[in-house]
Amino acid sequence: MSDLTPLQKTLLDWFEENRRDLPWRKRYDPYEVWISEVILQQTQMDRGVQYIERFLERFPTMESLAEADEEEVLKLWEGLGYYARARNLLLAARQMVAEHGGTFPEDVQTARALPGVGRYTAGAVLSQAYNQEEPIVDANVERVLSRLFDVDAPIKSSQAQSFLWETARSLIPKGRAREFNQAIMEFGNLICGKKPSCMLCPLTEQCEAHYLGIVDHRPVPAERRPAVPVEVASGVLVHKGYIFIQKRPEDGVWPGLWEFPGGNVEKGETPAECVVREFMEELEWDVETAEKIAIIRHGYTTFKVTLSAFLLRFKDEHEGWPEPVLHAATEGQWVSFAELGKYTFPAGHRKLIDMIARDMRYAWFV
DNA sequence: CAGTCGTGGTG
DNA sequence: TCACCAAGACT
């Protein structure tokens with residue numbers, strides 16, 4: 001421990017003083033670390049922590065998760081996005097119970113063979129749970145290292161990435177990977193953030209970007225394509241007080257989530273015409289719009305979506321329950337409004353449900 | 001390897 | 001209001 005570089009010592013000392021209480025830091029249990037890391041992928045800490053606590057409360061062990069239903073895992077995931085993570089989590093848990101004695105693998109190759117475990121997550125779990133000297137590079141580490149070493153290549157370029165991973169590996173002090181990896185991430189989160197607090201930083205004297213006065217220009221972001229505007233329309237079909245929902249396919253956007261049927265508004269078509277057409281194409285049902293419920297704006301990945309939502313009814317009288325011919329879903333279901341809470345919806349449709357619940361116009365079926 | 005995969009916080 | 005982006009993985 002005597003041969004720490006100033007950089008290593010400063011980060012470790014800073015972490016000693018400033019480490020936050022986070023869910024997996026009580027025991028560094030491999031299962032808890034793994035769950036936490038997957039939830040935190042592309043997710044901000046403050047938001048992710050709440051999901052971590054709920055998830056670990058419901059599924060405290062590898063075995064309990066392996067026995068879970070996908071529907072329940074998805075429900076816990078609702079609102080987090082990137083829903084393939086949830087299904088991969090379940091698949092990996094079952095794989096670990098079946099093949100690895102219910103524990104997270106202790107070597108990188110085996111760990112990375114698990115669905116949803118990439119370079120970052122493998123290093124994060126192995127270093128934090130087992131104190132193995134495996135590096136990690138996330139957005140926090142990218143900020144810290146790109147500023148300390150003035151990385152001028154675009155941060156996502158293969159050049160920059162190979163430098164970052166090599167550097168991250170070389171910086172790990174012998175026997176202290178658990179502390180150091182967390183230290184550099186926590187530092188990147190609390191001090192060397194998007195808007196860095198250089199006034200509070202104990203590393204300014206070793207920071208090339210600070211010396212050059214270009215901290216705000218590091219890291220160099222990847223050029224980003226502008227979000228494409230998309231207009232969609234969805235319909236809440238009410239029949240005898242019940243609402244029709246369908247389950248999305250296992251691939252593509254929102255895999256395995258439930259939704260109100262609908263689709264993209266084509267050129268020369270109104271949103272209302274779109275919904276009617278979509279119900280015919282997706283379900284072979286002849287419906288008509290009763291009224292417009294709301295317009296909801298939300299974005300996902302490369303799109304910014306304007307969602308027009310309509311209340312629908314069947315065009316013709318129906319004695320019983322018409323059978324849908326599913327063309328865009330794996331399952332269909334008639335449910336009461338109260339039962340909608342048990343299903344997992346994309347954020348935009350969840351917003352729609354909340355709006356309906358609060359609108360007195362719809363008290364008759366809510 | 002560049003595109004896909006969400007969402008809410010933030011300035 | 002809006003662009004940027006976060007403890008990335010997969011194809």
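Every chain is numbered from 1 and lettered A, B, ... according to where its sequence line falls, protein lines coming before strand lines.
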Of A:Leu145, A:Ile184, A:Asn189, the one forming a side chain to side chain contact (heavy atoms under 4.5 Å, CB included) with A:Asn140 is A:Asn189

Do the numbers put A:Arg54 on top of the ring of A:Tyr51, so that NZ or CZ is under 6.0 Å from the six-membered ring centre and no more than 45° off the axis?
-> yes

Within the structure shown, what part of the strands sits under 4.0 Å from A:Val117 by heavy-atom distance: base, sugar-phosphate, or nothing?
-> sugar-phosphate

In whole Å, what separates the C1' atom of B:dG3 from that of C:dA7?
-> 23 Å

With sequence neighbours excluded, tell me which residues meet ring pair (Phe, Tyr, Trp, His ring centres under 6.0 Å) with A:Phe244.
-> A:Trp285, A:Trp334

Heavy atoms only: give me the nearest A:Val335-A:Tyr242 pair and the separation to one decimal.
-> C-CD2, 3.3 Å

Over 12 non-hydrogen atoms of neighbours within 6.0 angstrom of CZ in A:Arg361 | yes

Geometric cation-pi criterion, A:Arg119 with A:Trp165: 6.0 Å, 45° | yes

Distance between the C1' atoms of C:dG8 and B:dC1, in whole angstroms?
-> 16 Å

Under 4.0 Å between any heavy atoms, over every strand shown, what does A:Ile155 touch: base, sugar-phosphate, or nothing? Just pick one.
-> nothing

When you get a sec, tell me which of C:dC10, C:dG8, C:dA3 is the closest nucleotide to the side chain of A:Asn88?
-> C:dC10

Sorted by first residue and then second, give each ring-ring contact (aromatic ring centres under 6.0 Å, His included) pair with at least one member in residues 260-283 of chain A; sequence neighbours left out.
-> A:Phe260-A:Phe345, A:Phe260-A:His349

Note, A:Arg169 side chain near A:Glu134 side chain (heavy atom, < 4.5 Å) = yes

Hey, is the main chain of A:Gly256 close enough, under 3.5 Å, to the side chain of A:Lys247 for a donor-acceptor pair?
-> yes

What nitrogen or oxygen pairs link the protein and nucleotides 4-6 of chain C at under 3.5 Å?
unit_1 : atom_1 : unit_2   : atom_2 : d
C:dA6  : OP1    : A:Arg143 : NH1    : 3.4

Given DNA chain C, 5'-ward residue of the pair A:Gly116 and A:Trp24, judged by closest heavy atom = A:Trp24

For A:Gly299 and for A:Asp46, locate the closest nucleotide of DNA chain B by heavy-atom distance; then report the residue assigned to the nucleotide nearer the 5' terminus.
-> A:Gly299

A:Trp34 near the nucleic acid: base, sugar-phosphate alone, or nothing, with a heavy-atom cut-off under 4.0 Å?
-> nothing

Steps toward ring pair (Phe, Tyr, Trp, His ring centres under 6.0 Å) verdict (A:Tyr300, A:Trp254) | CA-CA 10 Å; A:Tyr300 71 91; A:Trp254 301 303; 4.8 Å; yes

May I ask you to say what A:Pro115 touches in the nucleic acid, namely base, sugar-phosphate or nothing, with a heavy-atom cut-off under 4.0 Å?
-> sugar-phosphate

Any side-chain heavy-atom pair of A:Leu340 and A:Phe337 under 4.5 Å = yes

P atoms of B:dG9 and C:dA9, separation to the nearest Å = 24 Å

Base, sugar-phosphate, or nothing: which does A:Gln182 touch, judged by heavy atoms less than 4.0 Å apart?
-> nothing

With sequence neighbours excluded, what pairs up with A:His318 under the ring pair (Phe, Tyr, Trp, His ring centres under 6.0 Å) test?
-> A:Phe314

Which is true for A:Thr121 with a 4.0 Å heavy-atom rule: it touches a base, it touches only sugar-phosphate, or it touches nothing?
-> sugar-phosphate

Where does the chain A footprint on DNA chain B start and end, counting 5' to 3' with a 4.0 Å heavy-atom cut-off?
-> B:dG3 to B:dG9

Contacts of A:Arg25 and A:Arg112 projected onto DNA chain C by closest heavy atom; the upstream (5') one is A:Arg25

Going by heavy atoms closer than 4.0 Å, what residues in residues 343-358 of chain A are next to DNA chain C?
-> none

Hey, does A:Ile136 reach any base, or is it just sugar-phosphate, or nothing, if we go heavy atoms under 4.0 Å?
-> nothing

